[in-house]
There are 2 protein chains.
Amino acid sequence: MLAASTAIASHDCNRNGLLDVAGPPRKTKTPDSRRAITADLVAVLVAVTDGQPKIMTIANAGALPSGPFEFKHRSLQSGLRAWVEAQTGHPLGYVEQLYTFADRGRTGDGPSPHSVSISYLGLTREDQVADGASAHWSGWYDYFPWEDHREGPPSLLAKLLTPRLRAWAKSAPSAALQRERWQRAAITFGFEDREWNEELVLQRYELLFEAALIPEAVRESGNAATLVPGRPMTADHRRILATGIARLRAKIKYRPVVFELMPAEFTLLQLQRSVEALAGRLVHKQNFRRLMEQQQLVEDTGAIAADTVGRPAKLFRFRHAVLAERAVAGTKLPLSRT
Amino acid sequence: MLAASTAIASHDCNRNGLLDVAGPPRKTKTPDSRRAITADLVAVLVAVTDGQPKIMTIANAGALPSGPFEFKHRSLQSGLRAWVEAQTGHPLGYVEQLYTFADRGRTGDGPSPHSVSISYLGLTREDQVADGASAHWSGWYDYFPWEDHREGPPSLLAKLLTPRLRAWAKSAPSAALQRERWQRAAITFGFEDREWNEELVLQRYELLFEAALIPEAVRESGNAATLVPGRPMTADHRRILATGIARLRAKIKYRPVVFELMPAEFTLLQLQRSVEALAGRLVHKQNFRRLMEQQQLVEDTGAIAADTVGRPAKLFRFRHAVLAERAVAGTKLPLSRT
DNA sequence: TTAGGTTATGCTCAGGATAAGTATAAGCCA
DNA sequence: TGGCTTATACTTATCCTGAGCATAACCTAA
């Protein structure tokens, strides 16, 4: 199966990036003070508690944890991991690089601070956080209220987003452009009988940004009344968060990463709730169980969940063996077996 | 469907990275000359000609095109694109960021040159290349001879790789480690009745690297006789290439990016050959056609291929409309539709 | 004690997607 | 014209997936 690409599916986040190669890339390794820059790490740290997806934030929930890096430890990865483990008291189960942003407009201090931001996605658990400093866990739907479809499409979609996006589309100079704008909105937000695609988090954010419905897009000329709900963040941290959510929503479908967010033992419903929290939509219970079984991702611990409503559920644990047994599947080409 | 993760599936490429955060990330934006670094762009530019996948190389096919970047144009992306288009005389259809590598060991000049390499994947076509400079197109299987399974498993797999990986496994200190090593090799290379998974390009390269069967892994102590065939590259360019190939092999399965590599009009067999070239394995012809049809990715041009052997084939073109019509599908969760 | 609420778990069923193969068509060339 | 090559149409069996029914097992309040 081969599907859609460039225009819509582009995961490129430096839309308003401001750097570039200086002419043809040459094979140059000479450190040149003229092109010295700085680099920051930005982390999207995810946990799920009580069926709610959370991210670690600083600065009064207005920024993602971030900081400069220096050449010291063994790798970007390991440094991030060590730092997070110190903060949360829990091993960081999974870390992956998200995207490297590069622009001079990001911090808002003019053209001078040339820097790149290397962002990472990390999965952990909220419990036992050594919350000494300014770090907090914030629900990620605070930042993207339109992304939670677990109880059906959120009302603000029909009430606010749809009319404002339609207005934005209509404000385009030509009829063709108007149609094109509205079509993009309809596809990414699932208007007009289209399916809601929970993976398009970044595209939706960027569309809203382009439509100037996002505070970050209109820093100066704050016409707050016409904006869209959702807590803003420093610089482009919300864009980075959108990138992380999108990546995670895609990933849980083909890699068993949810388990990094679960306690050692859990019921299938708890597992399901976590998946639903991330995906922002509900799954079919029986089919979900069937999937878990036939993929042999979990095994019965023999124990039974205590203090629960309804029929008590068996407790399961992740079968770490699957990681060793098989590689990821993932074929959608009509491969021939000759 | 949820599948395997951390150990094997990790796409982290800075295994021998040497940078790190300095303690807890702080929210600091002050440019600090102490942590000034440099950044390079590295490009994996892919084309398919005569059914062979090619990449653009420089330095006598020993390096990927790369260069320093400066803060000048509008974005990393656009600079890369402009440069490539000048070089090839063709629009760069598709560009996506691959990975950012950061280590001081990469260039081999000691601990001083702190730098990051931001790598990109780009799709284009070979024809009409304004090949003025040192740039060439090299077949990518020159660098990874074990990755081409179009004519069945390459013989060097059984003849060379298997025994050497087995020897490497046996050289582990403990029995448990020996088993673990061999299992990893078996999974990534498809030994012992396991399926060959063409997407594990990077994992295979890293395993060979770890087993010291790759020239880049043994720069000094060159015991060439025990190495594995495949042309080496500067620094970790071959690792970057592996990352790009892996990404592309995964991507052609759910996004219509192959068309970026095709001429405007093509026969279904030509299209199939391109897919096979990238995937490194054959696909079932009839099923491939059915897939193209039912996904409505192509449309009949009315024309017929000339000067061909056998029954003449219809010429098709990519239906660019699909990009506008629908977003990417991609659900493997038992979503409920209530 | 029992009705009713809640969650767990087993099973069925239809439709669609997939892998593989058979059959036929339409060119070319010796 | 027979044989070679590629194109294209169909068939078949199997598996996967979405959806729903039915029952089990626990609790609480009437």
Side-chain angles (χ1 to χ4, degrees), chain A residues 1-3 50-51 195-198 253-254 265-276 279 281-316 329-338, chain B residues 1-3 50-51 195-198 253-254 265-276 279 281-316 329-338:
Chain A
M1 185 218 256
L2 311 162
D50 300 327
E195 289 268 301
W196 170 259
N197 184 338
E198 73 280 355
K253 291 174 184 166
Y254 60 100
E265 301 193 348
F266 46 82
T267 68
L268 289 181
L269 186 57
Q270 287 166 348
L271 183 63
Q272 183 185 340
R273 293 290 177 235
S274 292
V275 170
E276 291 173 337
R281 50 195 311 186
L282 300 178
V283 307
H284 183 108
K285 189 193 251 190
Q286 295 94 318
N287 291 346
F288 180 76
R289 309 172 118 264
R290 180 175 58 187
L291 217 58
M292 292 300 105
E293 274 180 25
Q294 82 183 21
Q295 305 235 157
Q296 301 184 288
L297 289 173
V298 295
E299 65 190 357
D300 196 333
T301 65
I304 293 216
D307 54 284
T308 161
V309 181
R311 174 173 170 179
K314 291 189 202 163
L315 283 172
F316 292 83
T331 169
K332 279 275 191 178
L333 284 180
L335 296 176
S336 107
R337 292 205 179 133
T338 30
Chain B
M1 186 217 257
L2 312 161
D50 299 327
E195 290 267 302
W196 169 259
N197 185 337
E198 73 281 354
K253 292 174 183 165
Y254 60 98
E265 301 194 350
F266 46 84
T267 69
L268 289 181
L269 186 58
Q270 287 167 348
L271 182 63
Q272 182 184 340
R273 293 292 177 234
S274 291
V275 169
E276 291 173 337
R281 52 194 310 186
L282 300 179
V283 308
H284 183 108
K285 189 193 249 189
Q286 295 93 321
N287 291 346
F288 179 77
R289 310 172 117 262
R290 179 178 56 193
L291 217 59
M292 291 302 104
E293 272 181 25
Q294 83 182 18
Q295 304 237 156
Q296 301 184 287
L297 289 174
V298 295
E299 65 190 359
D300 196 335
T301 65
I304 292 218
D307 54 283
T308 161
V309 180
R311 172 173 170 179
K314 291 188 202 163
L315 283 172
F316 291 83
T331 169
K332 279 275 190 175
L333 282 179
L335 296 176
S336 109
R337 292 203 181 137
T338 29

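Proteins get letters first, then strands, A, B, ... in listed order; numbering begins at 1 in each.
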Engineer: For B/Q272 and B/K285, which heavy atoms make the closest approach, and how far apart are they?
Structural biologist: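 Closest approach of B/Q272 to B/K285, heavy atoms only: OE1-CG, 3.4 Å.
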
Engineer: Might you point out which heavy atoms bring B/D300 and B/L315 nearest each other, and give the distance in Å?
Structural biologist: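 In terms of heavy atoms, the two residues are closest at OD1-O, 3.5 Å.
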
Engineer: Measure the NZ-CD1 distance between B/K314 and B/I304 for me, rounded to the nearest 0.5 Å.
Structural biologist: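 Going from the NZ atom of B/K314 to the CD1 atom of B/I304 covers 8.0 Å.
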
Engineer: Got a sec: does the CG of B/D50 have more than 12 other heavy atoms crowding it under 6.0 Å?
Structural biologist: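 It does not: B/D50 CG has 12 such atoms or fewer within range.
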
Engineer: Using atom CZ of B/F288 as one end and atom C1' of C/dA17 as the other, report the distance to the nearest whole Å.
Structural biologist: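 From B/F288 CZ to C/dA17 C1': 17 Å.
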
Engineer: From CG of B/L282 over to P of C/dA19, roughly how many Å is that when rounded to an integer?
Structural biologist: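 In whole Å, C/dA19 P and B/L282 CG are 14 Å from each other.
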
Engineer: First locate atom CZ of A/R273, then atom CG of A/L269, and finally report the distance between them rounded to the nearest 0.5 Å.
Structural biologist: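 Taking CZ in A/R273 and CG in A/L269, the distance rounds to 4.5 Å.
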
Engineer: Atom CG in A/L291, atom CG in A/L268: separation rounded to 0.5 Å?
Structural biologist: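 It comes to 11.5 Å.
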
Engineer: What is the minimum heavy-atom distance between A/E265 and A/A303, and which atoms define it?
Structural biologist: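 For A/E265 and A/A303, the tightest heavy-atom pair comes out as OE1-CB, 4.4 Å.
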
Engineer: Under 3.5 Å between N/O atoms: give me all the protein pairs with nucleotides 26-30 of chain D, atom names plus distance.
Structural biologist:
none

Engineer: Nearest heavy-atom pair of A/L271 and A/V298: which atoms, and what distance?
Structural biologist: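 Taking A/L271 first and A/V298 second, the nearest heavy atoms are CD2-CG1, 4.4 Å.
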
Engineer: In whole Å, I'd like the distance from the CG atom of A/L269 to the C1' atom of C/dT6.
Structural biologist: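 Atom-to-atom, A/L269 to C/dT6, this comes out as 11 Å.
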
Engineer: Taking OP1 and OP2 of D/dT8, is either one under 4.0 Å from a side-chain nitrogen or oxygen of B/K285?
Structural biologist: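 Indeed not, no polar side-chain atom of B/K285 lies that close.
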
Engineer: Would you mind reading off the distance between A/R273 atom CZ and C/dA8 atom P, rounded to a whole angstrom?
Structural biologist: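 So the CZ-P distance, A/R273 to C/dA8, works out to 8 Å.
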
Engineer: Please report, rounded to the nearest Å, how far the P atom of D/dT6 is from the CD atom of B/Q270.
Structural biologist: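 Computing the B/Q270:CD to D/dT6:P distance gives 13 Å.
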
Engineer: Which whole-number value in Å describes the distance from B/H284 NE2 to D/dT6 P?
Structural biologist: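 B/H284 atom NE2 is separated from D/dT6 atom P by 16 Å.
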
Engineer: Categorize A/L268 for me: base, sugar-phosphate, or nothing, with a 4.0 angstrom heavy-atom threshold over every strand shown.
Structural biologist: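 Counting heavy atoms under 4.0 Å across all strands, no contact is made by A/L268.
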
Engineer: Figure out the CE/P separation between A/M292 and D/dT17, and round it to whole Å.
Structural biologist: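 After rounding, the gap between these two atoms is 11 Å.
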
Engineer: Send over the distance from A/L271 CG to C/dT7 P, rounded to a whole Å.
Structural biologist: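 These atoms are roughly 17 Å apart.
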
Engineer: Going by the rule side-chain contact (heavy atoms from CB on, under 4.5 Å), which residues pair with A/E299 if we only count those two or more places apart in sequence or in a different chain?
Structural biologist: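 If we apply the side-chain contact (heavy atoms from CB on, under 4.5 Å) test to A/E299, skipping adjacent residues, the hits are A/R317, A/R319.
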
Engineer: Tabulate protein N/O versus nucleotide N/O from nucleotides 10-15 of chain C, keeping only pairs under 3.5 Å, one per line.
Structural biologist:
unit_1	atom_1	unit_2	atom_2	d
C/dG10	O6	A/Q286	NE2	3.3

